[in-house]
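Hydrogens, waters and symmetry mates play no part in the numbers below; they use all other heavy atoms, side chains included. So that the names make sense, note that chain A is the first sequence line, chain B the second, and so on, each numbered from 1. These numbers were taken from a predicted model, which means no experiment stands behind them.
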Protein chains: 2
Amino acid sequence: MSGALDYIRDGAEIYRHSFAIIRSEARLERFSPAEERVAVRIIHACGMTEVAQDIEFAPGVVETAQTALRAGAPIFCDANMVAYGVTRARLPAANEVICTLADPQVPALAQKTGNTRSAAALELWRERMGGAVVAIGNAPTALFRLLEMLREGAPMPAAIIGMPVGFVGAAESKEALEAYGRAPFIVVQGRKGGSAMAAAAINALASEKE
Amino acid sequence: MSGALDYIRDGAEIYRHSFAIIRSEARLERFSPAEERVAVRIIHACGMTEVAQDIEFAPGVVETAQTALRAGAPIFCDANMVAYGVTRARLPAANEVICTLADPQVPALAQKTGNTRSAAALELWRERMGGAVVAIGNAPTALFRLLEMLREGAPMPAAIIGMPVGFVGAAESKEALEAYGRAPFIVVQGRKGGSAMAAAAINALASEKE
């Protein structure tokens, strides 16, 4: 028998159709045009239009992040899955995409600081963190640790994608990021988040192409 | 000022606490004990206890997949993000984790077959697909293409993790997988899914450790 099934096989058409469905179903009115493109891509990554209500932007963060990326800012990720979700062809300045989780210094740093490896890995971002784009898509402890570093005077990133996922600390770490007041954040509030949403935010900031 | 914030810093305790919250909140009664461990880990990956209602298992698929992995079955993934989500330390036989999406043959295969690169990449699985564990966490076209290959007589995997995400074809490809009747599937029905959930399913099948 023939095995052929009926489905759309053209990648560009799948994208167009997907984004049209998102824009027809999701409540996007409260976003600026620049924010809306980021929100649409986050929704695309998770298949849930209702996530629109959980996405929050600090004022001007999209423009600041775009400017930083065009100027060559590095992108720091808390997990390899985030780094592998960033589409290199969309990056405007062949920006470095860096995940330090597997660095050989990290286990000792984690033991010394009494924190997770995900949090300890941020120590290796410190020198280049000023003006960078930071994407936390996995570990709440990484976002808490980033906030601690900022409270202790570490240089401020151009944008902080705060999208750790899960049941312990995820919602709380994003609340703390928003409450900090001085951080240029993009968050998905609550328990939802993850590497795909964080990478989607980066991909939207990197290029206006849909 | 001191920057210290109040949060749980111990990875093992975060896991224990997370899994306890999931088991207290999610509706897991309809699962066998083996299925329940897989469902809990999928929920853990997405932060949504309500996803329990969308998870479906073919009869016996968990045991079949565990046996295959212990015997050294390779794990084929449709996206690098899935492959990077598989925790190598949990694999029982140092199983190969393979994503062929970036193989140099794939663009020409996609053009020749008039399909996406995600779907075309499956041609390179064919020879080793019998008895393998397959994880589709991104592209509906990859899951549709897998079904076409099976309908055309390709060798049957030991387990098919069907968790593509999105608005075009995701729900339909998973319905087709369940309807096929002969495939050992684990799916998250509907639009939800993604690389984190697919990798979580693999991680649960690979080891009973929580």
Side-chain angles (χ1 to χ4, degrees), chain A residues 1-5 7-11 13-15 17-19 21-22 25 43-49 79-85 110 113-119 138 140-141 144-145 147-153 165-170 172-173 176 190-196 199, chain B residues 1-5 7-11 13-15 17-19 21-22 25 43-49 79-85 110 113-119 138 140-141 144-145 147-153 165-170 172-173 176 190-196 199:
Chain A
M1 83 182 181
S2 162
L5 296 165
Y7 59 99
I8 306 178
R9 291 166 162 74
D10 178 63
E13 189 183 338
I14 293 169
Y15 262 96
H17 197 176
S18 297
F19 283 26
I21 292 172
I22 293 166
E25 290 188 19
I43 292 167
H44 178 255
C46 65
M48 297 183 284
T49 53
N80 275 311
M81 285 183 80
V82 179
Y84 278 90
T113 56
N115 210 323
T116 63
R117 281 183 293 144
S118 293
N138 183 44
T141 52
F144 274 126
R145 182 62 199 136
L147 276 172
E148 289 179 334
M149 289 167 69
L150 295 175
R151 286 156 59 102
E152 290 160 0
V165 63
F167 299 90
V168 176
E172 297 83 350
S173 64
R191 291 171 168 181
K192 293 191 187 78
S195 47
Chain B
M1 86 181 179
S2 162
L5 295 165
Y7 60 99
I8 305 177
R9 290 166 164 76
D10 179 62
E13 190 183 336
I14 293 168
Y15 262 95
H17 197 175
S18 297
F19 284 26
I21 292 172
I22 294 166
E25 290 187 20
I43 292 166
H44 178 255
C46 64
M48 298 182 284
T49 53
N80 274 311
M81 284 183 80
V82 180
Y84 277 90
T113 57
N115 210 323
T116 64
R117 280 183 294 145
S118 293
N138 183 43
T141 53
F144 275 125
R145 182 63 198 134
L147 276 172
E148 289 179 336
M149 290 167 68
L150 295 175
R151 286 155 60 101
E152 290 160 0
V165 61
F167 299 90
V168 176
E172 296 83 351
S173 65
R191 292 171 167 181
K192 293 191 187 79
S195 46

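- Within 6.0 Å of OH on B:Tyr84 lie no more than 12 heavy atoms contributed by other residues, nucleotides or ligands.
- Looking only at heavy-atom pairs under 4.5 Å with chain A, the residue among B:Leu150, B:Ile14, B:Asn80, B:Thr113 that has the most is B:Ile14.
- Of the residues considered (B:Ser18, B:Ser195, B:Ala45), B:Ser18 shows the highest number of contacts with chain A, using heavy-atom pairs under 4.5 Å.
- Comparing A:Asn138, A:Leu147, A:Ile8, A:Ile22 by heavy-atom pairs within less than 4.5 Å of chain B, the highest count is held by A:Ile22.
- How far CG of A:Leu5 is from OG1 of B:Thr141: 12.0 Å, rounded to the nearest 0.5 Å.
- For chain A, the nearby part of B:Glu25 is the side chain; its heavy atoms alone come within less than 4.5 Å.
- Interface residue A:Ala4: backbone and side-chain heavy atoms are both found under 4.5 Å from chain B.
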(request) Could you give me the CA-CA distance, side-chain angles and deciding distance for A:Phe19 and A:His44, then say whether ring pair (Phe, Tyr, Trp, His ring centres under 6.0 Å) is met? (result) CA-CA 7 Å; A:Phe19 283 26; A:His44 178 255; 5.0 Å; yes

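- Using a 4.5 Å cut-off between heavy atoms, B:Ala79 does not touch chain A at all.
- Looking at residues two or more places apart in sequence or on another chain, you find a side chain to side chain donor-acceptor pair (under 3.5 Å) between B:Arg9 and A:Glu148.
- Residues satisfying the salt bridge (Lys or Arg N to Asp or Glu O under 4.0 Å) criterion with A:Arg117, sequence neighbours excluded, are absent altogether.
- With respect to chain B, the highest number of heavy-atom pairs below 4.5 Å among A:Asn115, A:Val82, A:Ile43 belongs to A:Asn115.
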